[in-house]
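In the text below, chain A, chain B and the rest are named by the order of the sequence lines, each starting its count at 1.
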Number of protein chains: 2
Amino acid sequence: MVIKISHSEIKEKIIAAGLKATHQRIVIYAALMQMCDHPTAEKIFETIAPANPSISTGTLYKTLDHLVAVNLIAKVKSDEGSYRYDANVDNHNHIYCTNTNEILDYEDHELDQILEAYFKNKKIKNLKITDIRLQINGERLDLKKAISIQ
Amino acid sequence: MVIKISHSEIKEKIIAAGLKATHQRIVIYAALMQMCDHPTAEKIFETIAPANPSISTGTLYKTLDHLVAVNLIAKVKSDEGSYRYDANVDNHNHIYCTNTNEILDYEDHELDQILEAYFKNKKIKNLKITDIRLQINGERLDLKKAISIQ
DNA sequence: TCCTAATTAGGAATAATTACTATTTAGTAA
DNA sequence: TTACTAAATAGTAATTATTCCTAATTAGGA
């Protein structure tokens with residue numbers, strides 16, 4: 001689900017989120033939107049570096065932090081020692097593939113509703129739940145084929 | 001739920017898992033069993049160091065890796081740049097508290113059954129699911145009181 | 001008790017991320 | 001359009017968490 005979105009639209013989203021729309025932020029955010037495999041900061045850097053050779057890792061990390069802070073992107077925990085990033089901030093779940101290190105999105109509104117209903121009754125005292133997400137761990141069986149939902 | 005368990009019992013568990021029961025492994029595993037807040041490697045080190053001043057971080061990390069590999073403990077992803085460890089390897093969920101950085105266990109067999117039933121029908125193609133865990137994100141409301149289930 | 005492969009201590013090396021500072025830039029106001 | 005200023009960036013040093021390396025030690029078996 002790559003969504004082609006123009007630079008001016010990206011600029012508007014950044015401004016709407018309350019950030020200055022610098023060239024670097026636009027480039028980084030645009031790159032992440034095109035990458036649907038939850039890339040690491042390093043992968044993002046490799047992607048944008050050819051067209052933006054003067055961009056620095058300091059700027060990349062700081063920009064990612066800013067975009068996370070204003071909820072334009074999300075930081076995704078992983079098992080390989082580095083964080084990964086996600087331009088999809090809607091409530092969704094992740095499939096962690098232990099043999100390929102892939103992280104895949106798993107959206108399931110039926111499941112969301114079941115969980116929401118369940119936790120409406122089952123309160124946890126002194127905690128304000130912000131969101132509930134599933135971490136589905138598994139192994140990809142046929143390495144030549146992709147994992148597909150349903 | 002601190003379970004007081006003797007060193008000889010711990011030794012047996014390590015041997016049963018197929019590892020040599022060295023002093024260091026016993027100490028590290030015993031310490032983690034007593035710590036229920038999903039400590040980082042550093043916290044574990046601080047805990048065991050006074051009584052074991054010659055233990056090295058290399059050994060600690062390697063031992064944690066070994067214990068994870070034989071499924072005696074689990075590595076827990078976190079948002080603060082370091083991994084945390086958990087002596088509870090039974091299927092259970094985690095509450096991530098965004099304002100205090102606590103990670104709490106949330107066991108709920110009713111929920112486990114709901115999820116198991118749900119994913120029995122809803123297959124994901126080309127994926128062998130090993131486990132499904134919830135990540136409950138939230139904020140602790142009253143910082144003077146603990147979070148409590150039900 | 002001896003033997004040997006596995007393990008450890010201690011510290012160097014690496015990887016990911018953050019911090020620092022002089023320079024540049026986006027957005028505003030004249 | 002130009003000037004201004006706070007915020008952002010480039011480039012790099014520093015830090016943090018973790019892994020790697022090697023000589024010395026140890027657990028468990030013969």
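Among the atoms of the strands shown, base atoms are found under 4.0 Å from some heavy atom of A:G58. Across all strands, B:T59 comes closer than 4.0 Å to base atoms (heavy-atom distances).
On the nucleic acid side, DNA chain C has its first and last nucleotide under 4.0 Å of a heavy atom of chain A at C:dA16 to C:dG27, going 5' to 3'.
Taking 4.5 Å as the limit, every side-chain heavy atom of B:Q135 sits out of range of all side-chain heavy atoms of A:H94. With contacts defined as side-chain heavy-atom distances shorter than 4.5 Å, the pair B:R140/B:K145 does not qualify.
The nearest heavy atom of DNA chain D to B:E42 and to A:Q24 marks one nucleotide each, and the one closer to the 5' end goes with A:Q24. Residue whose closest nucleotide on DNA chain C sits further toward the 5' end, between A:G81 and A:K62: A:G81. Both B:A41 and B:T22 sit near DNA chain D, but only B:A41 has its closest nucleotide nearer the 5' end.
Comparing the start and finish of the helix from C:dT1-D:dA30 to C:dA30-D:dT1, five pairs each, the helix axis swings through 30°, to the nearest 10 degrees.
In terms of hydrophobic clustering, with Ile, Leu, Val, Met, Phe, Trp and Tyr side chains grouped at heavy-atom distances under 4.5 Å, B:F45 and B:Y61 are assigned to different clusters.
In this structure, CG of A:L67 is placed 13 Å from C1' of D:dA8, rounded to the nearest angstrom. Rounded to an integer number of Å, the gap from CD1 of B:I44 to C1' of D:dA17 is 13 Å. For A:I28 and D:dA8, the CD1 to P distance is 13 Å, given to the nearest whole Å. A straight line from NE2 of B:H66 to C1' of D:dT19 spans 13 Å, rounded to a whole angstrom. Taking atom CG of A:L64 as the reference point, atom C1' of D:dT9 lies 14 Å away to the nearest angstrom. Atom C1' of nucleotide D:dT19 and atom CZ of B:F45 are separated by 15 Å, given to the nearest angstrom. Residue B:E80 contributes atom CD, which lies 11 Å from atom P of D:dT18 at whole-angstrom precision. Distance, A:I48 CD1 to D:dA10 C1': 13 Å, rounded to whole Å.
Annotation for B:V76: hydrophobic cluster partners, listed by chain and number, are B:Y96, B:I103 (ILVMFWY side-chain heavy atoms under 4.5 Å, direct or chained).
Among the nucleotides D:dG28, D:dT9, D:dA17, the one closest to the side chain of B:K20 is D:dG28.
Note on A:K75 versus B:D79: no salt bridge recorded, every NZ/NE/NH1/NH2 to OD/OE distance being 4.0 Å or above. Using a cutoff of 4.0 Å between basic side-chain nitrogens and carboxylate oxygens, A:D86 and A:R84 are not scored as salt-bridged.
Between B:Y85 and B:Y83, the shortest heavy-atom contact is CE1-O, 4.1 Å. The nearest pair of heavy atoms linking A:I73 to A:A87 is CG2-CA, 4.3 Å. Looking at every heavy atom in both residues, A:C97 comes nearest to B:L127 through SG-CD1, 4.5 Å. Taking each heavy atom of A:M33 and A:K13 in turn, the nearest pair found is CE-NZ, 4.1 Å.
Considering only side-chain N and O atoms, B:Y61 lies under 4.0 angstrom from the phosphate OP1 or OP2 of D:dT18.
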